[in-house]
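So the structure is just underneath, and the comments pick up after that.
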Amino acid sequence: MNVLLVFAHPEPRSLNGALRDIAVAELKDQGHEVRVSDLYAQGWKSEIDRADFPQLPDDARLNVAAASGEAFKAGALTDDVKAEQQKLLWADAVILQFPLWWFTMPAILKGWVDRVYSYGFAYGVGEHSDKRWGDRYGEGVFAGKRAMLIVTTGGWEEHYSERGINGPIDDLLFPINHGVLFYPGFDVLPSFVIHRVSRLDEAGFAAVATRLRERMQTLFTTKPIPYRRQNHGDYAIPTMQLRPGLGDPGARGFALHIDAA
Ligand code: FAD
């Protein structure tokens with residue numbers, strides 16, 4: 001199978017760099033073909049702006065979604081964006097790897113999403129009617145592919161637990177897992193998260209490496225998070241609200257969108 005790992009750390013000799021190498025080596029040992037988008041090494045441009053749309057006339061007002069859609073349709077996106085889109089189409093599984101910075105992904109990775117997920121490619125696709133609301137949340141260009149996060153944090157695991165002050169880690173990662181990955185169709189696997197990494201000693205590192213190898217071995221068999229699909233009756237169209245009676249009576253917020261049944 002083909003695996004794309006998108007790596008967002010500025011230092012190859014970091015913990016993240018070491019974990020990336022372990023993940024890539026294990027995937028190759030399993031017989032997979034692996035490509036890495038190393039965003040800092042590539043000098044990835046993180047902001048989406050006018051330069052992304054060379055065909056846009058100088059005096060035209062920039063509407064990012066519209067310009068993105070037109071450039072995608074015309075094959076006029078910049079070469080760096082087209083190359084990442086091709087890698088995504090090639091991949092059977094995509095891994096986003098990053099240190100948690102200010103409770104989310106580093107800006108360079110967010111910029112990769114902003115620029116690579118063009119209108120007409122990753123969003124703005126599919127029929128909108130009283131039966132369907134586009135190809136999204138379980139449908140879309142990446143349907144049939146898997147994705148997961150590898151994340152390191154400075155904070156304690158307890159600080160990211162159900163009652164922890166930072167908020168549960170699955171909630172913090174929900175906009176990435178559900179928004180960035182499930183929205184354009186990926187089956188999303190539980191994240192691989194390592195907490196309090198500044199305290200990691202050699203024994204701790206060895207244990208983490210073992211767990212990471214196991215996750216790479218089961219990349220194509222691990223059960224995805226059972227997010228509710230949009231066009232399969234759970235949501236009212238067009239309000240997209242979960243229908244009454246669905247979800248645990250006590251559940252609210254993000255938890256409602258996971259089908260625990
Ligand atoms: P490194 O600093 O490279 O390594 C961490 C430790 O891992 C080392 O000290 C060492 O003990 C061990 N190690 C590294 N490499 C190896 C190896 N090859 N073998 C054995 N042991 C090794 N944290 C939060 O929890 N929440 C936040 O919101 C948050 N925001 C941040 C914002 C910014 C801008 C920054 C800079 C940091 C933030 N942090 C936050 C902390 C951040 O998540 C951690 O610094 C990051 O996850 C560490 O990953 P690293 O790859 O840089 O680790």
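Whatever order the structure lists them in is the order used to number ligands and atoms, beginning at 1.
- Annotation: ring-ring contact (aromatic ring centres under 6.0 Å, His included) contacts of Y235 (sequence neighbours excluded): H257.
- Checked against the 6.0 Å centroid threshold, H9 and Y40 do not count as a close aromatic pair.
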Present, as a list of atom pairs with distances to 0.1 Å, all nitrogen or oxygen contacts under 3.5 Å between ligand 1 and the protein.
from	atom 1	to	atom 2	distance (Å)
ligand 1	3 (O)	L15	N	2.8
ligand 1	7 (O)	V197	O	3.4
ligand 1	11 (O)	L200	O	2.7
ligand 1	23 (N)	G154	N	3.1
ligand 1	25 (O)	G154	N	3.1
ligand 1	25 (O)	G155	N	2.8
ligand 1	25 (O)	Y160	OH	2.5
ligand 1	26 (N)	Y160	OH	2.9
ligand 1	28 (O)	W102	N	3.1
ligand 1	28 (O)	F103	N	2.8
ligand 1	30 (N)	L100	O	3.4
ligand 1	30 (N)	W102	N	2.8
ligand 1	39 (N)	L100	O	3.4
ligand 1	43 (O)	L100	O	2.8
ligand 1	43 (O)	G154	N	3.4
ligand 1	47 (O)	T152	O	3.1
ligand 1	47 (O)	T152	OG1	2.6
ligand 1	49 (O)	N16	ND2	3.4
ligand 1	49 (O)	T152	OG1	3.3
ligand 1	51 (O)	H9	NE2	3.3
ligand 1	51 (O)	L15	N	3.4
ligand 1	51 (O)	N16	N	2.9
ligand 1	51 (O)	N16	ND2	2.8
ligand 1	52 (O)	H9	NE2	2.7

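- Here H159 pairs with W156 under the ring-ring contact (aromatic ring centres under 6.0 Å, His included) rule; sequence neighbours left out.
- Ring planes of Y160 and F103: tilted class, angle from 30 to 60°.
- The closest side-chain donor-acceptor pair between W112 and E84 falls under 3.5 angstrom.
- Considering only residues two or more places apart in sequence or on other chains, F186 meets the ring-ring contact (aromatic ring centres under 6.0 Å, His included) condition with F142.
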